[in-house]
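Scroll down for the structure; my scribbles are underneath it.
In listed order, ligands and their atoms are each counted from 1.
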Amino acid sequence: MPNLKEKFASKMAPMRERVQKVRKEHGDMKISDVTIEQAYGGARSVKCMTWETSALDPMEGIRFRGFTIPELQQKLPKAPGGGEPIPEGIFHLLLTGDLPTYEDTVEITEEWRKRSALPKYLIDVLKAIPADTHPMTQFSLAILQLQKESIFAERYRTGISKAEYWDPMYEDVMNVLAKLPGIAAYIYRKSYKGDKHIPADPKLDWGGNMAKMLGVADDPAFVDLMRLYLVIHCDHEGGNVSAHTCRLVGSALSDAYYSLSGAMDGLAGPLHGLANQEVLRWIMDLMKDLGGVPSKDQLKKYIWDTLNGGKVVPGYGHAVLRKTDPRYVAQREFALKHLPNDDIFKVVSAVYEVAPDILTQHGKTKNPWPNVDAHSGCLLYHYGITEYDFYTVFFGVSRAIGVLSQLIWDRALGLPIERPKSITTDWVESQIKAAPAK
Ligand code: AMX
């Protein structure tokens, strides 16, 4: 039986051939026109990069290697006794394009377990970080500190051919992914639980251990939540800030540690991954101001006040999606099953009933529907993770699976350094002047 690395290697040659053929035979075919508005407006909708592991349809939402979230909840292997897919399975799928068997996921669990120990120098660095440092800063710093372990950087320095870049990149990716639950749990317990730590259980899967090492809830539903969470946040095609950052940094042949640390810095922005903590902060403030679960009228006024105060309604809107995010739906279904009477869930549901209409009336956002971050905090809070500044770290642990799978592909396909062309407003105005009158 080939192992994961051998399976990946067997996929690489045919994919390289496909890409080479497409570039050689159709490289000059146009797939996008760019308007001035798009040049100023964050390149929205400009098709100018490829990304193999997932694709986002504005109306349908995300597909991972062609599979929707409900399909994956059916098809990906689960841990014995577990109700949700394990993240090892989605890593296998994103990397190879094939659905794994349960045995395939056990191989990955084993491989990650072997590579999971956190070196002492990393613990020393984490201990030295001031306690009031945001958990995402600590997380990004920890990943960056591990860069000295990079096999890719070492092999590049001693000389390696381009065709082999993928190999040390694969090793770095496996090494860093293996350590992320331990790093996250270490930061959590250091920041909020008196610096008392819980060792991993060698019998548990990656997500199961993430739940265990946090030490917040001895509840099989919480373990399932962790697995579901780590699966659904893993990838969202290539143009989002964290994915694109990972691709961009890696394109300079920076290794997986630099690339992932950069990606996490982008994820830590409130318009991207940090929105999950902002949602909970907004809901808790709302419940405090309104004395608990609000009436519909109170809620409507609160949302209008947020908008009229020049702020965004966190967890709503999306740069690509134009309907309710299926990652929101998956979490809502989890809540309906496991915590239907939770007060914060009631507020999240009530916001879902009224916010889309208000955002539509407000008339600014192109998408009045909730995204993934509108729901995740309420589930974490329910199981005892009440420190919402930590929430984006979970997002980061998951997002690493997607962006790093693609990073291995980037090196396997020999993608070049990224270098889009920028233009000045002088140039734009000169083009307008030179254009024929409308
Ligand atoms: N509340 C209020 N106003 C909003 C809004 C919201 N939830 N979403 C968008 N808008 C506003 C924008 O700020 C923008 O206003 P402007 O014209 O004054 O600049 C206008 O509507 C048009 O924006 P858009 O084209 O619909 O969205 P975008 O592609 O520029 O931005 C996003 C997308 C997600 C940043 C934006 O919807 C937003 O800020 N949402 C709230 C924060 C959030 O939930 N982020 C998480 C997204 C998912 C993720 O990455 N994890």
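Of the polar atoms of H272, at least one N or O is found under 3.5 Å from an N or O of ligand 1, judged by distance alone. Here's the thing with N371: one of its N/O atoms is less than 3.5 angstrom from an N/O atom of ligand 1. Inclusion of R327 in the set of residues having an N or O under 3.5 Å from an N or O of ligand 1 is not warranted.
Nearest protein heavy-atom neighbour of atom 7 (N) of ligand 1: Y316 O, 2.8 Å. Of the protein's heavy atoms, K364 CE, 4.3 Å lies nearest to atom 17 (O) of ligand 1. Among all protein heavy atoms, the one lying closest to atom 26 (O) of ligand 1 is K366 N, 2.7 Å. Looking only at protein heavy atoms, the nearest one to atom 27 (O) of ligand 1 is H318 O, 4.5 Å. Remark: minimum distance from atom 3 (N) of ligand 1 to any protein heavy atom is reached at V312 CG1, 4.0 Å.
Across the listed options G363, P270, A355, P370, P270 owns the non-hydrogen atom lying nearest to atom 42 (C) of ligand 1. Ranked by closest heavy atom to atom 2 (C) of ligand 1, the top entry among V241, L274, L307 is L307. The option from V313, T365, D373, V320 that lies nearest to atom 1 (N) of ligand 1, judged by heavy atoms, is V313. With distances taken over non-hydrogen atoms, the option nearest atom 46 (C) of ligand 1 out of D325, L271, N276 is L271.
For atom 12 (C) of ligand 1, the nearest protein heavy atom lies 4.0 Å or farther away. Less than 4.0 angstrom separates atom 33 (C) of ligand 1 from at least one non-hydrogen atom of the protein. Atom 22 (C) of ligand 1 is approached by the protein to below 4.0 angstrom, counting heavy atoms only. Atom 37 (O) of ligand 1 lies below 4.0 Å from at least one non-hydrogen atom of the protein.
Under a 4.0 Å N-O distance rule, the pair E37/R44 does not qualify as a salt bridge. Salt bridge D285/K288: absent, no basic N to carboxylate O contact under 4.0 Å. Using a cutoff of 4.0 Å between basic side-chain nitrogens and carboxylate oxygens, D297 and K301 are not scored as salt-bridged. Between R247 and D410 there is a salt bridge, with a side-chain nitrogen of the basic residue lying less than 4.0 Å from a carboxylate oxygen of the acidic one.
Counted by atom type alone, E107 and H92 present zero donor-acceptor pairs between their side chains at under 3.5 Å. A side-chain N or O of K127 and one of Y186 form a donor-acceptor pair less than 3.5 Å apart. Between the side chains of T96 and R65, no donor-acceptor pair of N or O atoms lies under 3.5 Å. Side-chain polar atoms of T386 and Y192 form no donor-acceptor pair below 3.5 angstrom. If you check the side chains of W282 and T306, you find a donor sitting under 3.5 Å from an acceptor. Donor-acceptor pairing under 3.5 Å is lacking for the side chains of Q406 and E52.
Closest heavy-atom contact between P58 and V320: CB-O, 3.3 Å.
A donor-acceptor pair is defined here as one N or O able to donate and one able to accept, closer than 3.5 Å; no such pair exists between the side chain of D255 and the backbone of F152. K366 places no side-chain N or O within donor-acceptor distance of the main-chain N or O of L321, the cut-off being under 3.5 Å.
Neither the backbone nor the side chain of E278 has a heavy atom within less than 4.0 Å of ligand 1. The proximity of A319 to ligand 1, defined as any non-hydrogen pair under 4.0 Å, involves the side chain as well as the backbone.
Listed by atom number, the atoms of ligand 1 under 4.0 Å from L359 heavy atoms are 1 (N). Close approach of ligand 1 to G315 is summarised as follows: ligand atoms under 4.0 Å from at least one heavy atom of the residue are 43 (C), 44 (O). Near A275, with a cut-off below 4.0 Å to any heavy atom, the atoms of ligand 1 are 43 (C), 44 (O), 45 (N), 46 (C). Annotation for ligand 1: atoms under 4.0 Å from non-hydrogen atoms of R44 are 28 (P), 29 (O), 30 (O).
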* To do: Walk me through it: do K148 and Y257 pass the test side chain to side chain contact (heavy atoms under 4.5 Å, CB included)?
  => CA-CA 9 Å; K148 75 193 204 72; Y257 300 92; over 6 Å; no

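A heavy-atom separation below 4.0 Å is not found between V279 and ligand 1.
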